[in-house]
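One structure is given here, and the rest of the page talks about it.
Side-chain atoms are counted along with the backbone in the values below, which use heavy atoms only and exclude waters and symmetry mates. On a predicted model such as this, the values are computed, not experimentally measured, just so you know. Protein chains get the first letters and strands the later ones, always in sequence-line order, with residue 1 at the start of each.
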Amino acid sequence: MIPQQRSLILGALFCTVVQAQWLNYPAPGTPRTRDGKPNLAAPAPRAADGKPELSGVWMHEHTSLAEMKRLFGDGVGAVNVPGMEVETVSKYAVNILVDFKPGESPIRPEAEKLYRQRLTRGDTRLTCLPVGIPLASLLSEPFKIIQSPRLTAVLYEDSHRQIYTDGREFPKEFAQPSWLGYSIGHWERDTFVVESAGFNDKTWLDVTGHPHSEALRITERYRRRDFGHLDDEMTLDDPGMYTKPFTIKVTYELQPASDIFEYFCDENEKDSAHTAPK
Amino acid sequence: MELDYIDKYFLSVLVDFKPNEAPLRPEAVALMRQRPAGGGPMRVCLPAGPIVPYIPDPHKIVQTPSQLVIMYEADNSHRQIYIDGRGLPKEIIQPSWQGYSAGRWDGDTLVVETAGFNDKTSLDLMGHPHSEALRVVERYHRRDFGHMDVEMTFDDPQMYTNPFTIKFAQDLWADSDIFEAFCNENEKDSAHLVQK
C-alpha cells in the first residue's frame with residue numbers, strides 16, 4: 001500500500017473526540033524547581049510499601065512529525081483532527097512492527113492476510129468498542145495509573161484495566177476471552193512486571209490492523225526512571241500470528257497537574273451508519 | 001437483571017414519598033412527560049450518571065490515600081473521587097456524565113460531594129430528571145466487613161423543591177470480581193428507538 005493511501009486511512013481512523021481538561025490542579029507532593037515548575041528529573045517517589053510509586057497521569061513521548069513522515073511517508077498526517085494530530089500518536093500505534101526492516105518482519109502469512117483485509121476497514125473504535133492493549137496507551141489520550149498494594153488500576157479515558165498484585169497466578173483456563181485481558185503483576189527490584197493473557201482476538205495491535213489471536217501474551221516491564229518518566233518495555237508473544245516474540249520500548253511522560261477526562265464514544269457516534277454491520 | 005435484584009430507587013428515586021408529596025417542580029414533571037421512560041441514555045450504551053451507586057451492577061472500589069476509583073462493568077467505565085483535600089472546582093467548564101467528585105473523611109464516614117453533571121441522565125428508570133445544577137452528597141459507612149451503608153442526598157433546586165435523601169446498603173461480594181461488559185458488543189436497541 002502506498003503511503004498516501006495509508007495516511008488517508010489513518011486520518012479516517014482517528015475518530016473525532018472532544019477533549020477537555022479539568023482545571024489545573026497542582027498535585028501535593030510534586031517536587032518543584034526554583035521557578036515553581038514540576039521537577040520532572042527529580043527521583044521517582046516511593047509508595048508507602050517501599051515500592052516505586054507509578055501512580056500518575058502519563059502520556060507517551062511524542063514522535064516528531066518529521067520522524068513520522070520519514071517512517072510512513074510524506075502523506076502521513078494529511079488528514080488531521082485537532083488534538084489527534086498524527087504526531088500525537090506513537091509510531092507503534094501506526095505500525096507495531098515499525099522497527100523491523102522489510103523482509104525481517106516476524107509476521108506469519110495468516111496474519112499478513114488478515115492485515116491486508118483490514119487495511120480497508122476501520123478498527124473497533126468505529127463501533128465504539130475498545131482498542132485494547134497495547135494500543136490504548138499509544139494513541140492521543142493520556143492514561144492514569146492508580147497503584148495500591150494489591151491491585152493497580154490503569155484508567156483510560158474510555159475504559160480501565162486491572163492488574164492484580166496480590167500474588168495470584170493466571171487462571172488455569174480463560175473461560176471467556178476478554179477485550180482487555182487478564183493481568184497479573186509482580187516486582188523485580190524496581191521494575192513492575194505485568195503479564196497479560198486471556199484476550200479475545202477482536203482488537204488490533206495498531207490502527208492499521210496487525211492482528212493477534214487469543215493466544216497472545218504480553219509482558220510489560222515498567223520502570224519509573226525519574227519523577228517525570230516511565231519506561232515501558234513491552235514484549236508481545238503470539239506464536240500463531242508471529243514467528244517470534246517482539247519487543248517495543250515506549251517512554252511515558254508524566255502529565256503533572258493534569259488528569260484524564262471522561263470519554264463516552266456513543267455520545268456522538270456517527271460512523272456505524274457508514275460502515276459495514278458490526 | 002431479575003426484578004428482585006434491582007434496588008427500588010433505581011425504579012423510582014422518589015418512591016419514599018407519598019403521592020402528591022413528592023418535591024417535584026412542574027418543570028421536572030414536564031420533562032418526564034417528554035422523555036420516554038426506561039433507562040434513557042443507558043439504552044444506547046451511554047452511562048447512568050449520578051445514579052451509579054444504585055444501578056443493578058456490581059462495582060469495585062480501589063482506595064489510595066489521595067483518591068478512590070470506582071470501577072464499573074458497563075463499558076469498563078470508572079469514576080474518580082479525589083480525597084487529597086481539594087474541594088470542588090469553583091466553576092465547572094464542561095459538564096460531564098459523571099460529574100466531578102471530591103471527598104473527605106467525617107470520622108469513619110467518607111463524604112463525597114459531586115457537581116458538574118450534564119443534564120442528559122435521569123435519576124431512575126421512571127425518568128425523574130435533573131438539571132446541571134444538581135449536587136449530590138454521598139455518605140459511605142462500612143458497617144462491617146460485608147456491608148456498606150450509603151446515604152445519598154440530591155439537591156437540584158431547578159427540578160425539586162427540596163433536597164431529598166435515600167438510604168440503601170451495598171453487600172460485599174467476597175471472592176468475586178467485576179467483569180467487562182462492553183455495551184456496543186451486542187447493541188440492538190438504538191435501531192428501534194426514536195432518539196438517542
Side-chain angles (χ1 to χ4, degrees), chain A residues 18-29 47-48 53 55 124-130 132 136 144-162 164 175-182 198 200 202 259-269 272-273 278, chain B residues 41-49 60-80 82 84-100 102 116-118 120-121 177-191 196:
Chain A
V18 178
Q19 264 198 319
Q21 286 190 332
W22 296 116
L23 299 177
N24 255 4
Y25 180 76
E53 175 66 78
S55 297
T124 50
R125 288 174 297 164
L126 286 185
T127 46
C128 289
L129 283 164
K144 186 169 189 174
I145 297 178
I146 312 232
Q147 180 178 331
S148 77
R150 288 184 204 156
L151 179 73
T152 291
V154 183
L155 309 185
Y156 306 103
E157 293 199 330
D158 67 344
S159 62
H160 65 252
R161 165 187 181 207
Q162 302 188 61
Y164 302 99
Q176 188 165 350
S178 61
W179 291 86
L180 277 297
Y182 191 101
N200 70 29
K202 297 176 187 173
D259 211 331
I260 55 170
F261 196 67
E262 58 172 39
Y263 167 49
F264 293 102
C265 175
D266 285 284
E267 189 161 10
N268 196 21
E269 196 276 306
S272 60
K278 285 179 195 181
Chain B
M42 276 185 283
R43 297 173 306 170
V44 287
C45 295
L46 280 164
K60 184 168 184 173
I61 298 179
V62 181
Q63 182 175 341
T64 75
S66 61
Q67 79 167 89
L68 272 75
V69 177
I70 307 183
M71 300 188 282
Y72 306 98
E73 293 197 329
D75 283 311
N76 269 33
S77 57
H78 46 76
R79 169 181 174 209
Q80 301 193 65
Y82 304 99
D84 55 3
R86 73 180 77 180
L88 295 178
K90 279 189 195 122
E91 184 193 11
I92 292 179
I93 296 166
Q94 185 169 345
S96 60
W97 292 88
Q98 305 191 109
Y100 190 102
F117 292 107
N118 70 31
K120 296 175 187 175
T121 53
D177 208 335
I178 52 172
F179 197 67
E180 307 177 333
F182 287 102
C183 176
N184 284 290
E185 195 161 3
N186 195 23
E187 195 276 302
K188 304 282 184 208
D189 290 347
S190 59
K196 271 209 175 186

(request) Determine, using ring centers only, whether F117(B) and Y100(B) are less than 6.0 Å apart. (result) no

Are [X] and [Y] packed together at the side-chain level, in the sense that at least one heavy-atom pair is separated by less than 4.5 angstrom?
| X | Y | result |
| --- | --- | --- |
| P130(A) | F182(B) | yes |
| D75(B) | D158(A) | no |
| W179(A) | E185(B) | yes |

(request) Name the option with the most non-hydrogen atom pairs under 4.5 Å to chain A; the candidates are D177(B), V62(B), I178(B), V69(B). (result) D177(B)

(message) Shorter than 4.5 Å, heavy atoms on both sides: which option in M71(B), Q63(B), K60(B), R79(B) has the most such pairs with chain A?
(response)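 The option with the most such pairs is M71(B).
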
Residue part contacting chain A, namely of [X], when any heavy atom lies under 4.5 Å:
| X | answer |
| --- | --- |
| Q67(B) | side chain |
| E180(B) | side chain |
| S77(B) | both |
| Y72(B) | backbone |

(request) Tell me yes or no: between the side chains of Q98(B) and S96(B), is some donor less than 3.5 Å from an acceptor? (result) no

(request) Identify which part of Q176(A) has an atom lying under 4.5 Å from any heavy atom of chain B, answering side chain, backbone, both or neither. (result)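 When you check distances to chain B, atoms from both the backbone and side chain of Q176(A) fall under 4.5 Å.
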
(request) Could you tell me which portion of Y182(A) (side chain, backbone, both or neither) has an atom closer than 4.5 angstrom to a non-hydrogen atom of chain B? (result) neither

(message) side chain to side chain contact (heavy atoms under 4.5 Å, CB included), that's the test. Do H78(B) and I260(A) meet it? Break it down for me.
(response) CA-CA 11 Å; H78(B) 46 76; I260(A) 55 170; 3.9 Å; yes

